[in-house]
Amino acid sequence: MPITEARRKANEKYNAKAYDEIKVRVPKGRKAELQAYAEQRGESLNGFIGRAIEEQLTRDNEA
C-alpha cells in the first residue's frame with residue numbers, strides 16, 4: 001500500500017524533530033556490502049552504523 005502524502009509529511013516532521021542526520025560517504029559498491037553485512041545480522045544499515053559508533057565510543061571511554 002503506497003504511503004499517503006499526509007503520512008510522508010508527518011514522518012518528515014517527526015524525523016526533523018526527533019533526529020539529527022549524518023551523511024556518510026563510502027566508495028562505490030561498499031554500501032551494498034555493508035547492507036548485506038547488517039542484514040545477515042538482522043539489523044538495518046542505520047542500526048549497524050549506530051551500533052558500531054556506540055561500541056567504538058564505549059571502547060574509547062574504557063581505555
Side-chain angles (χ1 to χ4, degrees):
M1 184 165 142
I3 190 168
T4 66
E5 185 66 17
R7 172 57 23 211
R8 186 188 65 75
K9 285 183 180 181
N11 288 352
E12 286 179 3
K13 183 178 178 182
Y14 173 80
N15 287 338
K17 179 176 68 170
Y19 300 107
D20 287 328
E21 289 189 38
I22 300 172
K23 190 171 200 170
V24 178
R25 296 181 191 273
V26 295
K28 287 281 187 190
R30 185 74 169 161
K31 179 181 176 184
E33 179 184 344
L34 294 170
Q35 284 175 318
Y37 183 88
E39 188 176 306
Q40 288 172 356
R41 283 146 185 81
E43 60 188 336
S44 67
L45 180 55
N46 190 66
F48 165 66
I49 292 170
R51 182 175 57 79
I53 291 169
E54 287 302 320
E55 288 178 5
Q56 185 64 52
L57 289 172
T58 298
R59 283 194 300 269
D60 288 352
N61 288 328
E62 289 174 352

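Keep in mind it's a predicted model, so treat the numbers as computed, not measured. The analysis underlying the following values was restricted to heavy atoms, covering all of them including side chains, and did not include hydrogens, waters or symmetry mates.
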- request: Answer whether the closest heavy-atom distance between the side chains of Ile49 and Ile22 falls below 4.5 Å.
  value: no

- request: Kindly indicate whether the side chain of Lys9, heavy atoms from C-beta on, has any atom under 4.5 Å from the side chain of Lys13.
  value: no

message: Between Leu57 and Val24, is there shared hydrophobic-cluster membership here, with clusters defined by ILVMFWY side-chain heavy atoms closer than 4.5 Å?
response: yes

message: Quick test of your reading of the model: are Glu62 and Arg59 salt-bridged, counting only N-O distances below 4.0 Å?
response: no

- request: Please say whether more than 12 non-hydrogen atoms of neighbouring residues, nucleotides or ligands are located less than 6.0 Å from CD in Gln35.
  value: yes

Exceeds 12 heavy-atom contacts within 6.0 angstrom, atom CG of Asn46: no

- request: Please report the closest heavy-atom contact between Ala38 and Ser44, naming both atoms and the distance.
  value: CB-O, 3.7 Å

message: Give me the atom names and distance for the closest heavy-atom approach of Lys31 to Leu45.
response: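 Taking every non-hydrogen atom into account, CG-CD2, 4.2 Å.
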
query: Atom CZ of Arg51 and atom CZ of Arg41: how far apart are they, to the nearest 0.5 Å?
result: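 Rounded to the nearest 0.5 Å, the CZ-CZ separation comes to 8.0 Å.
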
message: So, taking the atom named CG in Asn61 and the one named CD in Gln56, what distance separates them when rounded to the nearest 0.5 Å?
response: 10.0 Å

query: With sequence neighbours left out, what residues match Glu54 under side chain to side chain donor-acceptor pair (under 3.5 Å)?
result: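 Glu54 satisfies side chain to side chain donor-acceptor pair (under 3.5 Å) with no residue once adjacent residues are dropped.
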
